[in-house]
**Student:** 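Encoded as structure tokens, here's the structure I'll be asking about.
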Amino acid sequence: PLGTAGLGHANIGAGLYLSAGHVLQSLLSLQPEMIDVMYDPQLLPPRLELVRAGVTIQQRLDEERDGMTYAFLLAYIGHQIHDDEMLKKGIEALEKGQEDPDPFIPLLRNIWLPIENP
């Protein structure tokens with residue numbers, strides 16, 4: 001799993017966001033125990049690159065074909081860099097774009113989003 005995560009992170013660093021989303025989504029779907037793993041900054045692209053990726057990905061959320069993969073990746077990046085706004089946007093886009101109830105999305109929400117006070 002760590003090699004797969006490394007591949008996903010390398011794809012983010014290379015600007016291959018769709019590929020990164022597929023790799024990381026597959027990893028977390030097949031090994032859900034990895035959902036809450038926080039990687040050391042040395043195992044991720046530089047923070048500036050991750051923020052740039054987030055900005056680019058947000059512009060692709062409305063794509064009919066791949067919007068859900070981009071939404072997942074946005075949430076993943078937000079989780080890794082502790083950017084709650086990015087994380088929430090990604091999760092909300094995932095919830096909005098799902099056609100059928102997907103148990104993976106509530107799982108991500110419950111693990112990644114901090115509990116909000118009413």
**Student:** Are Leu7 and Met34 linked, directly or through other ILVMFWY residues, by side chains that come within less than 4.5 angstrom of each other?
**Tutor:**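 Leu7 does not cluster with Met34.
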**Student:** Applying the 4.5 Å side-chain criterion to the ILVMFWY set and letting contacts propagate, would Leu50 and Leu43 be lumped into a single cluster?
**Tutor:**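 Yes: a chain of side-chain contacts under 4.5 Å links Leu50 to Leu43.
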**Student:** OG1 of Thr56 to CD1 of Ile12: how many Å apart, nearest 0.5 Å?
**Tutor:**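 Interatomic distance, Thr56 OG1 to Ile12 CD1, rounded to 0.5 Å: 12.0 Å.
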**Student:** Is there a side-chain contact between Thr4 and Leu30, using heavy atoms and a 4.5 Å cut-off?
**Tutor:**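 No. Closest side-chain heavy atoms not under 4.5 Å.
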**Student:** How close do Gly21 and Leu73 get, counting heavy atoms only, and between which atoms?
**Tutor:**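 The answer is N-CD2, 4.1 Å.
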**Student:** If the plane angle is over 60° it's perpendicular, under 30° parallel, otherwise tilted; pick one for Trp112 and His79.
**Tutor:**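 Rings of Trp112 and His79: parallel, under 30°.
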**Student:** Where do Ile105 and Met68 come nearest, in terms of heavy atoms and distance?
**Tutor:**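 Closest approach of Ile105 to Met68: CD1-CE, 4.1 Å.
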**Student:** From Tyr76 OH over to Thr69 OG1, what is the distance, rounded to the nearest 0.5 angstrom?
**Tutor:**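 One finds 15.0 Å between OH of Tyr76 and OG1 of Thr69.
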**Student:** Donor-acceptor pair, Ser26 side chain versus His22 backbone, under 3.5 Å?
**Tutor:**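 No; judged by distance alone, with no hydrogens or angles, the pair does not exist.
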**Student:** Is the closest basic N to carboxylate O distance between Glu92 and Lys89 below 4.0 Å?
**Tutor:**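 So Glu92 does not pair with Lys89 through a salt bridge.
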**Student:** For Glu64, give me all partners under salt bridge (Lys or Arg N to Asp or Glu O under 4.0 Å), at least two apart in sequence or on another chain.
**Tutor:**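 For Glu64 there are no salt bridge (Lys or Arg N to Asp or Glu O under 4.0 Å) partners, ignoring immediate neighbours.
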**Student:** Are Tyr17 and Asp66 close enough that some pair of their side-chain heavy atoms sits under 4.5 Å apart?
**Tutor:**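 No, every pair of side-chain atoms sits at 4.5 Å or beyond.
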**Student:** Hey, is CG on Asp36 packed in by over 12 heavy atoms from elsewhere, all under 6.0 Å?
**Tutor:**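 Enclosed.
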**Student:** Gly78 and Met86: which non-hydrogen atoms are nearest, and at how many Å?
**Tutor:**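 Heavy atoms of Gly78 and Met86 come nearest at N-SD, 3.7 Å.
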**Student:** Hydrophobic clustering (ILVMFWY, side-chain heavy atoms < 4.5 Å, transitive) - are Ile91 and Val51 grouped together?
**Tutor:**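 Looking at the clustering, Ile91 is in the same group as Val51.
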**Student:** Between Arg47 (side chain) and Ile81 (backbone), is there a donor-acceptor pair under 3.5 Å?
**Tutor:**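 Checked: pair present.
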**Student:** Heavy atoms only: give me the nearest Leu74-Gly54 pair and the separation to one decimal.
**Tutor:**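 Heavy-atom minimum between the residues: CD1-O, 3.6 Å.
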**Student:** Taking all atoms of both residues into account, what is the closest heavy-atom pair of Gln80 and Val37, and its distance?
**Tutor:**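 Here Gln80 and Val37 meet closest at NE2-O, 2.9 Å.
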**Student:** Roughly how far, to the nearest 0.5 Å, is CD1 of Ile35 from OG of Ser29?
**Tutor:**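 That separation rounds to 7.5 Å.
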**Student:** Any link between Leu94 and Ile111 through a network of hydrophobic side chains (Ile, Leu, Val, Met, Phe, Trp, Tyr) touching at under 4.5 Å?
**Tutor:**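 The answer is yes; both residues are in one hydrophobic cluster.
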**Student:** Taking the side chain as everything from C-beta on, heavy atoms only, tell me whether Leu2 gets closer than 4.5 Å to Tyr39.
**Tutor:**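 A side-chain contact under 4.5 Å exists here.
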**Student:** Atom CG in Leu113, atom CG in Asp84: separation rounded to 0.5 Å?
**Tutor:**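 Between Leu113 CG and Asp84 CG, I get 7.0 Å after rounding to 0.5 Å.
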**Student:** Between CG of Leu61 and OH of Tyr70, what distance do you get to the nearest 0.5 Å?
**Tutor:**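 That separation rounds to 10.0 Å.
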**Student:** Let me check something: do Leu28 and Leu16 share a hydrophobic cluster, defined by ILVMFWY side-chain heavy atoms less than 4.5 Å apart, either directly or through other members?
**Tutor:**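 Unlinked, Leu28 and Leu16 end up in two clusters.
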**Student:** Are Glu49 and Arg52 close enough that some pair of their side-chain heavy atoms sits under 4.5 Å apart?
**Tutor:**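 In contact.
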**Student:** Of the non-hydrogen atoms in Ala75 and Leu87, which two are nearest, and what is the gap between them?
**Tutor:**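 Closest approach of Ala75 to Leu87, heavy atoms only: O-CD1, 3.2 Å.
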**Student:** Is the shortest side-chain heavy-atom distance between Asp83 and Ile77 below 4.5 Å?
**Tutor:**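 They are not in side-chain contact.
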